[in-house]
Amino acid sequence: MNEIQRKGTGDSSQTWPNMAHFWMPFTANKQFKTNPRLLVSAQGMYYTDIDGNKVLDATAGLWCCNAGHGRAEISEAVSKQISQMDFAPSFQMGHPLAFELAHKLSEISPDGLDHVFFTNSGSESVDTALKMALCYHRANGQASRTRFIGRELGYHGVGFGGISVGGISNNRKSFSQQLLQGVDHLPHTLDIANNAFSHGLPPHGLDKAEVLEQLITLHGAENIAAVIVEPMSGSAGVILPPEGYLKRLREITQKHGILLIFDEVITGFGRVGAAFASERWQVTPDMITTAKAINNGAIPMGAVFVSDAIHNTCMNGPDELIEFFHGYTYSGHPVAAASALATLSIYENEQLFERARELESYFEQAVHSLKGLPNVIDIRNTGLVAGIQFAPSDKGVGKRGYAIFDHCFRNGALVRATADIIALSPPLIVEKSQIDDMVNQLTDAINAVD
């Protein structure tokens, strides 16, 4: 396809772009370019598509825009900073905003995780955390600790480290010969047979944490650097930890001197009704990886929150030597930092983390009203996130989920499809009436799709 000359049919009069040259990420490119979905503006809870139609954002963009779209506070902070100083290096140099942001983040991080390393994405945050684990054990005199343990259905970005510890088959199989060596995986916690339609954390599955003891026996604790899990597996379809599961992982890792890393790229910054899932579920890991909502998705940015013990151990050595041979050109980018500081102010001033917790019950009741509709086999929820799982169509796995996603978009609501799972994760500014709208849109789509 070269160029679509079609004009918008609503308020928009934009000419469609030449679509031949952009190789889109995580997209069936040929399918998309045959029938595109293009967004051209956003404000509050709504996108506007290229045809001028309003689209209710039930996904916070891609788990990013927790404060909603078009926030003047963020755009003004970005404009001011890019005019004052567009870029400054972070290698052997610094600028005030990066230090100010790290301090602000330490104020909302779990106790003891008081140090911040800036990245540009969740993928970079994960690879950074894995390197930090190796750095820490080497500095601590335990250089044999090099193995990592991830989890089935885990998503930790697309770097080679992230897909190695990740457990989503399609992300791994094309690169299987180039993945990190010395990686094992815990079983996933999705158990529809025992936990279908649970409200909040599922009651069954604590025993799956005990598999970690078996892996430690197999590989030897002295050889394992870290365990990395998402507190809630978001990209795989909102898979929640069973009651007590995360606490048990923490107990086992502490017992054996293994670091525990929580990937909170999705759960961080209010999604589950607290600043972090570790706070909501009262489990403090050794590191937390973040990105996405750190600055409302305004500019690529991520961060790793690091325990005092890891940081201070890695700081031992001659003053003139670099302690950690790692970093990115854009780590702590001044414009990204300005957007993050403005975002944190919005979260605090509007109490959006608390708002997510207050709306949780209403959201839960709304999404569970979909139970009993055709082909719905499970509904999972916590905070302001939910997953609705469908039986696969006879046409193939993922066909039903995609059809529901597309139907919703064509009728004014953006949801997220992962195979035959639809995820809802609206901005934390969502109103009850908008929750009703997105559930009504889903109801219509479910009933319309075979």
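Heavy atoms only: backbone and side chains are in, while hydrogens, waters and symmetry mates are out.
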- Item | Working for side-chain contact (heavy atoms from CB on, under 4.5 Å), residues Leu218 and Asp184 | CA-CA 10 Å; Leu218 175 64; Asp184 213 329; 4.2 Å; yes
- When you look at Ser169 and Asn171, which way does the side-chain hydrogen bond (donor to acceptor under 3.5 Å, both in side chains) test go after all the steps? CA-CA 5 Å; Ser169 174; Asn171 293 352; over 6 Å; no
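- The minimum heavy-atom distance linking Ala445 with Cys408 is given by the pair CB-SG, 3.8 Å.
- Residues Asn66 and Arg271 bring a donor and an acceptor atom of their side chains to less than 3.5 Å of each other.
- Here the shortest heavy-atom pairing between Ala226 and Ile258 reads CA-CG2, 3.7 Å.
- By the 30° and 60° cut-offs, the orientation of the rings of His199 relative to His368 is parallel.
- When all heavy atoms of Leu38 and Pro17 are compared, the pair lying nearest together is CD1-CD, 3.8 Å.
- Using a 4.5 Å cut-off on side-chain heavy atoms (C-beta onward), Tyr47 and Asn53 make no contact.
- The shortest distance between side-chain heavy atoms of Arg71 and Ile346 falls below 4.5 Å.
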- Task: Check the pair Arg380, Glu364 against salt bridge (charged side-chain N to carboxylate O under 4.0 Å, His left out), reporting the backbone distance first and the verdict last.
- Result: CA-CA 9 Å; Arg380 306 180 283 273; Glu364 178 177 83; over 6 Å; no
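- Annotation: the span from Glu107 atom CD to Leu344 atom CG amounts to 9.5 Å, rounded to 0.5 Å.
- At least one side-chain heavy atom of Ile446 sits less than 4.5 Å from a side-chain heavy atom of Ile404.
- A salt bridge does not link Asp394 to Arg400: none of the charged side-chain nitrogens sits closer than 4.0 Å to a carboxylate oxygen.
- For the 3.5 Å distance criterion, the side chains of Thr119 and Ser125 qualify, holding a donor opposite an acceptor.
- Considering CE of Met438 and OG1 of Thr443, their distance stands at 12.0 Å, rounded to 0.5 Å.
- The two residues Gly401 and Ala417 come nearest to each other via the heavy atoms O-CB, 3.8 Å.
- For the residue pair Thr189 and Asp191, no side-chain donor N or O sits within less than 3.5 Å of a side-chain acceptor on the partner.
- Side-chain contact between Val385 and Trp63 is present, with at least one heavy-atom pair separated by less than 4.5 Å.
- Between the side chains of Arg147 and Gln181, no donor-acceptor pair is found at a separation under 3.5 Å.
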- Item | Check against side-chain contact (heavy atoms from CB on, under 4.5 Å), Val335 and Phe87 | CA-CA 7 Å; Val335 184; Phe87 175 77; over 6 Å; no
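- By the 4.5 Å heavy-atom criterion applied to side chains, Asp286 and Phe262 are not counted as neighbours.
- Between the CE atom of Met301 and the OG1 atom of Thr290 there is a distance of 9.0 Å, given to the nearest 0.5 Å.
- Phe276 and Phe305 have perpendicular rings, their planes meeting at more than 60° on a 0 to 90° scale where under 30° would count as parallel.
- The minimum heavy-atom distance between Phe197 and Lys371, with the atom names listed, is CE2-CG, 3.6 Å.
- In summary, Arg410 and Asp406 engage in a salt bridge, as defined by a charged side-chain N under 4.0 Å from a carboxylate O.
- The number of heavy-atom neighbours closer than 6.0 Å to CG of Asn349, taken from other residues, nucleotides and ligands shown, is above 12.
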- Item | Working for ring-ring contact (aromatic ring centres under 6.0 Å, His included), residues His326 and Phe117 | CA-CA 10 Å; His326 177 73; Phe117 192 103; 5.7 Å; yes
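- The closest side-chain donor-acceptor pair between Ser233 and His188, if any, does not fall under 3.5 angstrom.
- Taking the six-membered ring for Trp and thresholds of 30 and 60 degrees, Phe160 and Phe175 have ring planes more than 60 degrees apart, a perpendicular arrangement.
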- Task: Before giving the answer on ring-ring contact (aromatic ring centres under 6.0 Å, His included), spell out for Tyr46 and His69 the whole-Å C-alpha distance, their side-chain angles and the decisive distance to 0.1 Å.
- Result: CA-CA 7 Å; Tyr46 294 88; His69 298 282; 9.6 Å; no
- Begin with the C-alpha distance, continue with both residues' side-chain angles, and end with the deciding distance and a verdict on salt bridge (charged side-chain N to carboxylate O under 4.0 Å, His left out) for Asp420 and Lys399. CA-CA 7 Å; Asp420 288 302; Lys399 298 289 187 180; over 6 Å; no
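- With no hydrogens or angles considered, a side-chain donor-acceptor pair links His156 and Asp263 at under 3.5 Å.
- There is no side-chain donor-acceptor pair under 3.5 Å between Asp207 and Tyr245.
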- Message: Is there a salt bridge (charged side-chain N to carboxylate O under 4.0 Å, His left out) between Glu358 and Arg355? Walk through the geometry before answering.
- Response: CA-CA 5 Å; Glu358 291 166 2; Arg355 192 171 191 279; over 6 Å; no
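- Side-chain atoms of Phe409 and Leu39, non-hydrogen and from C-beta on, do get closer than 4.5 Å to each other.
- Each of Leu130, Val126, Val183 was checked for a side-chain contact (heavy atoms from CB on, under 4.5 Å) with Ser164, and the lone residue meeting it is Val183.
- Using cut-offs of 30° and 60° for the angle between ring planes, the Tyr402 and Phe405 rings count as tilted.
- Looking at every heavy atom in both residues, Trp281 comes nearest to Thr382 through CZ2-OG1, 3.6 Å.
- Between Arg280 and Glu264, none of the side-chain N atoms (NZ, or NE/NH1/NH2) sits under 4.0 Å from a carboxylate O, so this pair counts as no salt bridge.
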